[in-house]
Amino acid sequence: SLFIIIFTLFLISFLDTLIVVGIFFPASFFVMSAGFFVTGIPKIILYFIIIVVGGLLGDLISFYLGKKGIDWVNKRKLLSKFLYIEKGKAFFEKHGNKGILFGRFLGVIKSIIPFVAGFLGMNLKKFIVLNIFANIIWTTINFGIGLILGKIFNTFYVPKSIEFVVVFLPFILFFGWFFIQYTPKIIRFLK
């Protein structure tokens, strides 16, 4: 049903920008898939808004956790290393406010930047404005790619079985890469 799709899109976008979870979460693929399968202007607009709002809320929670968790993270050097806090700080210090915009497009960094912005005491209003732009641009690109691919497939009457393979192949490749890349790190972290 429409409610389940909307809730799922919101949750995917929200989790993508949330500290810790967003490090491992491939929301781009899901957002592209939503664009691939959506039909009708009202649904396109609704999905777009839901994805942007989910991303904004996830970023705001990460920002808040960064602002409130300075002492907590500093006391746990291993956690700080695992969450890539130093990489996020270096990126944010190098790019400044533009880091909020650029960071939204960089895999591991995307969920760290809002946390680091709060951690470093960035002005909340400035963060919100930059974050709105970043989420709109990110959603436009990822959702737009899905829309374009969906229209191309519909134009050429590609069979549904091939659509399924094309849409889900990136997920399979991502999870394969993730398993190979992060399993040793997670095992070392748990030891």
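As the structure is a prediction and not an experimental result, all values here were calculated from the model.
Among residues at least two apart or in separate chains, there is no side chain to side chain donor-acceptor pair (under 3.5 Å) pair with a member in residues 37-56.
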Residues 119-130 side chain polar contacts: donor-acceptor under 3.5 Å, at least two apart:
{"residue": "Asn123", "atom": "OD1", "partner": "Lys125", "partner atom": "N", "Å": "2.9"}
{"residue": "Asn123", "atom": "OD1", "partner": "Lys126", "partner atom": "N", "Å": "3.0"}

Pair up each side-chain donor or acceptor in residues 2-11 with any protein partner under 3.5 Å, not counting sequence neighbours, and list the distances.
{"residue": "Thr8", "atom": "OG1", "partner": "Ile4", "partner atom": "O", "Å": "2.7"}

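Here the shortest heavy-atom pairing between Asp59 and Pro114 reads OD1-CG, 3.1 Å. In terms of heavy-atom proximity, Ser13 sits nearest to Gly54 at OG-C, 3.6 Å. Nearest heavy-atom pair, Ala27 versus Ile12, reported as atom, atom and distance to 0.1 Å: CB-CG2, 3.7 Å. The two residues Ser28 and Asn142 make their nearest non-hydrogen contact at CB-OD1, 3.5 Å.
Rounded to the nearest 0.5 angstrom, Ile145 CD1 and Thr140 OG1 are separated by 11.0 Å. Taken to the nearest 0.5 Å, the CD1 atom of Ile50 stands 12.5 Å off from the CD1 atom of Ile45. Between the CZ atom in Phe37 and the CG atom in Leu149 there is a gap of 11.0 Å [rounded to 0.5 Å].
Here Leu56 pairs with Val52, Asn131, Ile132, Asn135 under the side-chain contact (heavy atoms from CB on, under 4.5 Å) rule; sequence neighbours left out.
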- Message: Applying side chain to side chain contact (heavy atoms under 4.5 Å, CB included) to Phe143 and Ile44, what does each step give before you reach the verdict?
- Response: CA-CA 9 Å; Phe143 193 61; Ile44 290 171; 3.8 Å; yes

- Message: Under the criterion side chain to side chain contact (heavy atoms under 4.5 Å, CB included), I'd like the reasoning laid out for Val31 against Trp138: C-alpha separation, chi angles, the key distance, then a yes or no.
- Response: CA-CA 10 Å; Val31 170; Trp138 182 87; 3.7 Å; yes

- Message: Pair Ile136, Phe48 - check side chain to side chain contact (heavy atoms under 4.5 Å, CB included), show working.
- Response: CA-CA 9 Å; Ile136 288 173; Phe48 185 89; 4.2 Å; yes

